[in-house]
Structures are given as C-alpha cells and as structure tokens.
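Here the structure comes first, spelled out in structure tokens, and everything after it is commentary.
This one's a predicted model, so the numbers in the text were calculated from it and none came from an experiment.
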Amino acid sequence: MREDEALALLRDCALEPVGRLTHASNLTLLVELAQDGAATGHRAVYKPARGERPLHDFPPASLAAREVAAYAVSRAGGFDLVPPTVLSDGPLGEGSVQWWVEQEPERLVDPSAGLVDVLAPEDLEPGWRAVVQAEDEHGSPVVVAHADDPRLRTMATLDVVLNNADRKAAHLTIDVEGRLRGFDHGLALHEDDKLRTVLWGFAGEALPEEDRRRVAAVVDVLAEAGETADLLATLLSPAELTALRHRTEGLLEAGILPMPSADRYPLPWPLW
C-alpha cells in the first residue's frame with residue numbers, strides 16, 4: 001500500500017481495540033482500522049496520551065506527539081524507516097496511531113534477529129560491530145554487537161537527528177518486504193542531548209553521501225515554511241524545534257556520526 005493511502009486510513013478510520021501489547025512500558029493497544037463499521041483488514045498501534053506514565057525528564061502527555069514528529073522528520077528526509085504515524089482520537093482519547101509492521105512469524109519473538117545480538121567475544125564474526133563489553137548472569141564475558149549493515153547506519157543517522165533516547169534492539173525489525181523499520185520514538189526530540197542507542201558501532205564515521213542527502217533534506221524542510229515545518233511546530237515546543245534545527249545543521253556540517261557522550265550513560269536500559 002502507498003504511504004499516502006496508509007496515512008489516509010490512519011486518519012479516517014475508527015480504531016477497534018483487539019489486544020494490548022503488554023511488553024510496552026506505556027499503554028499500547030493493537031487496533032483494527034474500520035470504516036463504516038466494517039474492518040479494512042489493516043491494523044495499527046494506538047498509544048493514547050492518557051496512558052503515558054509520567055517521566056521526570058520529558059513533559060507529561062507528550063510522547064504521542066513525539067511519535068508523530070519522528071515520523072514527520074523521517075519522511076521529510078526520505079529515510080523511510082518509521083512507519084506512517086498520525087495523531088488521532090481513539091476510544092481512550094487522542095494518541096499516536098502507527099501503521100502495524102507486518103513481520104515474518106519468527107520476528108514476533110525476536111524482532112531484531114540478525115540486527116543486534118549478545119555474543120561471546122570469540123563468536124564476534126566479520127560483519128558485526130561491537131558496541132559494549134559486559135558479563136552475563138554467570139560472570140562470563142559477552143559483547144553486545146550490531147550488524148555492519150548500511151540500513152542500520154542510516155537508522156543511527158536518523159536517531160542522531162531525532163535525539164532518540166531509547167533505541168533498544170527490540171525497537172528495530174525487518175518487515176515482510178525486507179525493509180528496516182524503527183518504532184517507539186516517544187522518547188525523542190528533547191531539547192537536551194539524550195541520545196541513547198545500541199547502534200554506537202558507527203560512531204565517529206563519516207556519513208555516506210546518501211545519508212548526507214537525507215540530513216540535508218531535513219535541514220531544508222526545517223529552514224522554510226511548509227506543511228512539515230508547520231506540523232512540527234504543533235507537536236514540539238519552540239525550544240525543541242530550535243534544538244532539532246541546530247542538531248541537524250550541526251550533523252550536516254560535521255559530516256560524521258557523533259561519539260557517545262562522556263557525561264552520561266549512552267545506552268538505553270534495558271538494551272532489549
């Protein structure tokens with residue numbers, strides 16, 4: 001289905017809950033999209049703002065808006081990584097509604113299989129990048145690593161733009177069409193530096209030309225009045241919008257992915 005068609009369904013359809021995603025830290029419902037009382041055969045993930053747990057470092061009831069803003073930024077840059085996402089009224093009030101990512105059955109158990117893994121040091125093979133060394137519950141050394149995959153580098157680039165504070169392994173998957181998808185962007189786009197990710201294996205490397213073009217596209221969209229810039233102004237605070245602009249311009253000027261901050265913990269918790 002074309003992206004614009006998916007967005008139209010998300011905006012116009014009624015949301016009929018069919019289950020709760022219990023692994024999520026905030027209230028997250030799997031919903032059927034229905035028109036005129038009839039199911040369309042499509043599903044979405046509905047996160048009502050009223051179901052968000054209060055956080056000490058993010059404004060209350062702001063995570064749904066950040067989910068939508070993350071999609072808007074991804075689309076503006078042509079990243080094609082975040083599934084279509086809108087703000088909509090559902091049975092529990094306004095919230096984010098994101099197109100359901102269809103996955104192969106085995107990925108329902110481990111969405112990030114083949115993308116991020118925990119390995120014994122001797123099992124780290126070419127084609128994988130170590131992120132952090134640790135110990136398992138038995139005290140044996142392990143390495144958290146991710147695949148040396150250009151799609152993950154593009155995701156790492158988007159996460160810098162979004163200032164994503166929660167890029168866990170489980171927030172990555174491959175859909176049935178073979179596309180990398182990232183989701184759960186409620187903890188993103190803060191005005192303060194909060195980047196926490198399992199994709200630090202690309203840190204310090206130059207942006208490939210295709211990713212530079214994506215970042216440049218976001219810079220251009222933010223610099224001019226237009227539909228996306230106007231939407232972001234309704235979803236983010238002025239300070240957050242200014243920080244997004246400065247962060248994106250800085251990344252384009254530097255041309256390299258940043259190193260982890262030495263002033264704070266750079267990994268999400270838990271990692272999965």
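Heavy atoms only, all atoms of each residue included: Val68 and Ser96 are closest at CG2-CB, 4.3 Å. Annotation for Leu119 and Ala145: closest pair CD1-CB, 4.5 Å, computed over non-hydrogen atoms. Across Ser88 and Val97, no two heavy atoms sit closer than the pair CB-CG2, 3.8 Å. Counting all heavy atoms, side chain and backbone alike, Thr154 lies closest to Phe79 at CG2-CD2, 3.6 Å. Taking every heavy atom of both residues into account, Thr40 and Cys13 meet most closely at CG2-SG, 4.0 Å. When all heavy atoms are compared, the tightest approach of Leu81 to Met155 is CD1-CA, 3.7 Å.
More than 12 heavy atoms of other shown residues, nucleotides or ligands fall within 6.0 angstrom of atom CD in Glu210. Within 6.0 Å of CG in Asp57 there are more than 12 heavy atoms belonging to other residues, nucleotides or ligands. More than 12 heavy atoms of other residues, nucleotides or ligands shown are found within 6.0 angstrom of CD on Glu106. More than 12 heavy-atom neighbours from other residues, nucleotides or ligands sit within 6.0 angstrom of CZ on Arg264. Atom CD of Glu125 sits in a sparse spot, with 12 or fewer heavy atoms from other residues, nucleotides or ligands closer than 6.0 Å. Atom CD of Glu209 has more than 12 neighbouring heavy atoms from other residues, nucleotides or ligands inside a 6.0 Å radius.
Side-chain N or O atoms of Ser237 include one that pairs as donor or acceptor with a backbone N or O of Glu240 at under 3.5 Å. Between the side chain of Asn164 and the backbone N or O of Ala188, no donor-acceptor pair lies under 3.5 Å. Judged by distance alone, the side chain of Arg245 and the main-chain N or O of Glu249 form no donor-acceptor pair under 3.5 Å. No donor-acceptor distance shorter than 3.5 angstrom exists from the side chain of Thr22 to the backbone of Arg20, with no hydrogens or angles considered. Counting only distance, with no hydrogens or angles, the side chain of His190 and the backbone of Asp192 share a donor-acceptor pair below 3.5 Å. Asn163 places a side-chain N or O within 3.5 Å of a backbone atom of Leu195 that can act as its donor or acceptor partner. A donor-acceptor contact shorter than 3.5 Å is absent between the side chain of Glu32 and the backbone of Arg43. When atom types are taken as modelled, the side chain of Asp149 and the backbone of Arg151 share a donor-acceptor pair closer than 3.5 angstrom. A donor-acceptor contact shorter than 3.5 Å is absent between the side chain of Arg75 and the backbone of Thr228.
In this structure the side chain of Trp272 reaches within 4.5 angstrom of the side chain of Val118, judged on heavy atoms. The shortest distance between side-chain heavy atoms of Leu152 and Arg129 does not fall below 4.5 Å. Side-chain contact check for Leu63 versus Leu55: some heavy-atom pair is nearer than 4.5 Å. A 4.5 Å side-chain heavy-atom check between Thr157 and Leu251 finds at least one atom pair inside the cut-off. The side-chain heavy atoms of Arg214 and Leu207, taken from C-beta on, include no pair separated by under 4.5 Å. Contact annotation: the side chain of Gln103 approaches that of Pro111 to within less than 4.5 Å [non-hydrogen atoms, C-beta and beyond]. Inter-residue side-chain proximity for Leu189 and Phe58 is flagged as unmet; no heavy-atom pair is nearer than 4.5 Å. The closest side-chain heavy-atom distance from Gln98 to Phe183 is below 4.5 Å.
One hydrophobic cluster, built from ILVMFWY side chains closer than 4.5 Å, holds both Val86 and Met1. Hydrophobic cluster membership differs between Leu30 and Leu27, with clusters built from Ile, Leu, Val, Met, Phe, Trp and Tyr side chains linked at under 4.5 angstrom. Note on Leu10 and Val45: separate hydrophobic clusters, where clusters join Ile, Leu, Val, Met, Phe, Trp and Tyr whose side-chain heavy atoms are under 4.5 Å apart, directly or indirectly. If you chain together hydrophobic residues whose side chains sit under 4.5 Å apart, Leu241 and Leu187 never meet in one group. Put simply, Val218 and Val82 are part of the same group of oily side chains (I, L, V, M, F, W, Y) that touch within less than 4.5 Å, one to the next.
How far CG of Asp166 is from NE2 of His171: 5.0 Å, rounded to the nearest 0.5 Å.
A salt bridge links Arg2 with Asp4: the distance from a Lys NZ or Arg NE/NH1/NH2 to an Asp or Glu carboxylate oxygen falls below 4.0 Å. A salt bridge is absent between Arg66 and Glu52; no separation between the charged side-chain nitrogens and carboxylate oxygens falls under 4.0 Å. Taking 4.0 Å as the cut-off between side-chain N and carboxylate O, Asp80 and Arg181 count as a salt-bridged pair.
Ring geometry for His146 versus Phe202: interplanar angle of 30 to 60°, hence tilted.
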(request) Take Leu158 and Ser74 through the test side chain to side chain contact (heavy atoms under 4.5 Å, CB included) and record every step on the way to the result. (result) CA-CA 7 Å; Leu158 177 61; Ser74 173; 4.0 Å; yes
(request) With side chain to side chain contact (heavy atoms under 4.5 Å, CB included) as the test, would you mind laying out the steps for Arg167 and Asp184 before giving the verdict? (result) CA-CA 8 Å; Arg167 177 57 72 204; Asp184 280 347; over 6 Å; no
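Only one option out of Leu271, Leu172, Asp110, Val131 pairs with Val116 in a side-chain contact (heavy atoms from CB on, under 4.5 Å); it is Leu172.
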